[in-house]
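The structure displayed is predicted, hence computed values, not measured ones. What you see below is based on every heavy atom in this structure, not just the backbone, and it leaves out hydrogens, waters and symmetry mates. Each residue takes its place number in the sequence, starting with 1.
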Amino acid sequence: MIRKLLAAIMIFTLIFTPEAFAASKRNKAKSQAKTQVSQDIQVSSQDPDLSKEIEIGKKAISQIEKDWPILIDPAIVSRLEMILNKLEPHMQRRIPWEVKLVKTDAINAFCFPGGYIFFTTGIIDMLKTDSEIAAVMAHEMIHADRKHNLRMAAKSNKVTMATLATMILSGGAAVPIILAQVAQVAITSGYTMEFESEADALGLDVLIASGYSPVAMITLFEKFMSEDFKRPIIQYGIYMNHPETPERLRRALQKLNAMKIPVERKYALGLLRTSINETENLCELKVDGVTIASGNKNPDIRAALTRLRDNLDKSLQLELAPYELHLINGALYIKNDFTAGNLQGITPPDDIRKNLLKVLDSARAKHPTAKFFQ
C-alpha cells in the first residue's frame with residue numbers, strides 16, 4: 001500500500017522552497033548577525049524521543065530507496081557532507097544526520113524524521129555554490145530538528161507524538177498509511193505555513209551562524225520563482241498552501257535589511273569572478289572568463305591589473321545600475337569608488353567600462369528573476 005501511495009506523490013516538485021563576504025562592511029555585518037543568531041540557538045543534550053524518530057525515519061525511507069535509485073557519487077556526497085558538518089552544530093538537537101543523493105531530474109530535496117536528508121541530482125545541477133546548497137539543506141534540517149513532520153502527522157491522526165511513535169513502531173495495520181503521510185509531507189514539502197515560515201527564518205539564521213552567504217536564500221527563492229514561470233501548470237499538492245515564493249522572498253529580504261546585511265548576489269551565485277591570465281606576451285584581467293583589460297606582459301602591467309582586480313572584487317556587484325559605472329576626468333569609478341585610471345599600456349578606462357557592462361548583462365541573464373536595481 002505504501003508503495004502505491006508513494007508512487008502517487010513522486011511527481012516533479014519544487015520545494016521551498018562557503019563563500020565569505022569579501023569587503024569589510026560585509027564581514028562586519030556578518031559578524032554582528034552571527035553573534036545575534038548564536039544567542040538564539042540553544043542545544044538540547046537530552047532527547048528521549050530521538051531514537052524513536054530514527055526508527056520511524058528508517059521505516060519511511062525504505063520505500064524511497066526502493067523506488068528511487070540512490071546514486072553513489074563520492075565527490076558530490078563528500079561535498080554535501082562537508083556542508084552538513086558546518087550546519088549541524090547550529091541545530092537545536094544532536095541528530096545523527098545522514099545525507100543521500102537520489103538520481104532523478106526532479107528538482108527536490110527533503111528530510112525525514114531522524115535526520116535522513118535527500119538531495120536529487122536535479123537540484124544539485126541547479127544550485128551553483130555551496131551557499132545555495134547550504135540554504136536548501138539548512139531549511140530541510142530545521143524541519144527535522146523541530147519535528148515538523150511528526151507534529152503534522154500526529155495532528156492529522158488526532159494523537160500525541162508519543163502515541164504516534166508507538167503506533168508506527170508497534171507494526172499495526174495503520175502503519176503503512178501513517179508512513180505514507182510522513183513521506184508525502186517530506187517529499188512534497190507539504191508543511192503548514194507556520195512550519196514553512198519557521199524553517200525559512202531559522203534556516204537563514206543557521207546560514208549566517210555557519211559562515212555561508214545568507215544571500216543564497218534570496219537567490220534560491222528567485223530561482224524557484226523562475227522555475228514557476230517556466231512550468232506554471234505544475235500542481236504542487238499541499239505545497240500550494242504554503243506562503244508563495246514572492247512573499248517568502250520579501251520576508252527574507254526584510255530580515256537581511258533589518259540585520260544590515262547587504263544583498264550582494266554574486267557570492268551566492270558564483271558570478272563576477274575575477275582572474276588574471278598570462279600568456280607568453282600578454283597579461284589579461286578577466287571576469288567570468290571575459291577579458292576586461294589587458295596589456296603587454298611585464299611586472300608593472302601585472303601590478304596594475306592586480307589592483308584593478310582587487311577594486312572589482314570589492315565594488316563590482318550584480319546589483320549595480322549601469323549609471324553607477326561612470327567616468328570622471330577619464331578615470332573609471334564604481335559608485336564613488338575609484339576603480340581604474342588611464343595608464344599607458346593598459347586598456348583605457350572607457351573600454352574597461354564597456355567591457356564590464358557587457359559582463360554584467362551576461363551575468364544578470366543567468367539569473368533573470370532578480371530585481372537587481374532595487
From [X] atom [atom1] to [Y] atom [atom2], the distance as rounded to the nearest 0.5 Å:
X    : Y    : atom1 : atom2 : result
I301 : C283 : CD1   : SG    : 8.0 Å
L305 : L343 : CG    : CG    : 9.0 Å
I95  : E88  : CD1   : CD    : 8.5 Å
T339 : L325 : OG1   : CG    : 7.0 Å
D105 : K103 : CG    : NZ    : 7.5 Å
I261 : I208 : CD1   : CD1   : 4.0 Å

[X] side chain to [Y] main-chain N or O, any donor-acceptor pair under 3.5 Å?
X    : Y    : result
T120 : A106 : yes
S210 : L207 : yes
H326 : L332 : no
T369 : M225 : no

Close side-chain approach of [X] and [Y], heavy atoms under 4.5 Å:
X    : Y    : result
M137 : F119 : yes
V77  : K100 : no
D130 : K86  : no
I117 : W97  : yes
M141 : L84  : yes
I334 : L312 : yes
T291 : N355 : no
L249 : I218 : yes

Discussion item. Determine whether E247 and R251 satisfy the following criterion, salt bridge (charged side-chain N to carboxylate O under 4.0 Å, His left out), listing intermediate values before the conclusion.
Written reply: CA-CA 6 Å; E247 173 60 18; R251 291 179 186 175; 3.1 Å; yes
[X] to [Y] - nearest heavy-atom pair and separation:
X    : Y    : answer
S213 : S131 : N-OG, 3.1 Å
Y191 : C111 : OH-O, 4.0 Å
K128 : D125 : NZ-O, 3.1 Å
A340 : I352 : CB-CD1, 4.1 Å
V136 : A109 : CG1-CB, 3.6 Å
D313 : Q317 : O-NE2, 4.5 Å

Practice prompt. Could you check L220 against L127 for side chain to side chain contact (heavy atoms under 4.5 Å, CB included), going step by step and ending with a plain yes or no?
Written response: CA-CA 8 Å; L220 192 66; L127 306 176; 3.4 Å; yes
Practice prompt. Give the intermediate values and the outcome of side chain to side chain contact (heavy atoms under 4.5 Å, CB included) for residues D145 and R93.
Written response: CA-CA 6 Å; D145 188 60; R93 301 191 293 152; 3.5 Å; yes
Discussion item. Is it the case that over 12 heavy atoms from other parts of the model lie below 6.0 angstrom from the CG atom of N336?
Written reply: no
Practice prompt. Could you tell me whether the side chains of H139 and E196 share a donor-acceptor contact shorter than 3.5 Å?
Written response: yes
Worksheet item: Between K266 and E319, is there a side-chain N and carboxylate O pair less than 4.0 Å apart?
Response: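 Looking at E319 together with K266, the answer is no, because their closest N to O distance does not fall below 4.0 Å.
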Discussion item. Could you check whether E55 pairs with K58 (Lys NZ or Arg NE/NH1/NH2 to Asp/Glu carboxylate O, under 4.0 Å)?
Written reply: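 Between K58 and E55 there is a salt bridge, with a charged N closer than 4.0 Å to a carboxylate O.
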Fill in: Parallel, tilted or perpendicular: ring planes of F338 versus Y333, cut at 30 and 60 degrees
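Taking Y333 first and then F338, their aromatic rings stand perpendicular (interplane angle over 60°).
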Item to complete: For the pair F112 and F110, name the ring-plane relationship: parallel under 30°, tilted 30 to 60°, perpendicular over 60°.
Response: tilted
Worksheet entry | Check against salt bridge (charged side-chain N to carboxylate O under 4.0 Å, His left out), D205 and K255 | CA-CA 10 Å; D205 288 344; K255 183 168 183 174; 2.7 Å; yes
Item to complete: Decide yes or no on side chain to side chain contact (heavy atoms under 4.5 Å, CB included) for F224 and M126, but give the supporting numbers first.
Response: CA-CA 10 Å; F224 282 121; M126 188 184 79; 4.0 Å; yes
Discussion item. R353: which residues meet the salt bridge (Lys or Arg N to Asp or Glu O under 4.0 Å) condition with it, sequence neighbours left out?
Written reply: none
Worksheet item: Can we call the ring centroids of Y116 and F118 under 6.0 Å apart?
Response: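 For Y116 and F118, the ring centres are not under 6.0 Å apart.
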Which donor-acceptor pairs under 3.5 Å do the side chains of residues 344-351 make with protein atoms, sequence neighbours left out?
unit_1: T347; atom_1: OG1; unit_2: S294; atom_2: N; d: 3.0

Side-chain donor-acceptor pairs under 3.5 Å in residues 356-368, sequence neighbours left out?
unit_1: R364; atom_1: NE; unit_2: L318; atom_2: O; d: 3.0
unit_1: R364; atom_1: NH2; unit_2: L318; atom_2: O; d: 3.2
unit_1: R364; atom_1: NH2; unit_2: L320; atom_2: O; d: 2.3
unit_1: H367; atom_1: NE2; unit_2: E222; atom_2: OE1; d: 2.6

Worksheet entry | Residue that, paired with K286, satisfies side chain to side chain contact (heavy atoms under 4.5 Å, CB included) out of I292, N277, T274 | N277
Item to complete: Start with the C-alpha distance between D310 and T306, add both sets of side-chain angles, then the distance that settles side chain to side chain contact (heavy atoms under 4.5 Å, CB included), and finish with yes or no.
Response: CA-CA 6 Å; D310 293 342; T306 299; 4.1 Å; yes
Fill in: same_hphob_cluster(L282, V287) at 4.5 Å side-chain heavy-atom cutoff
no
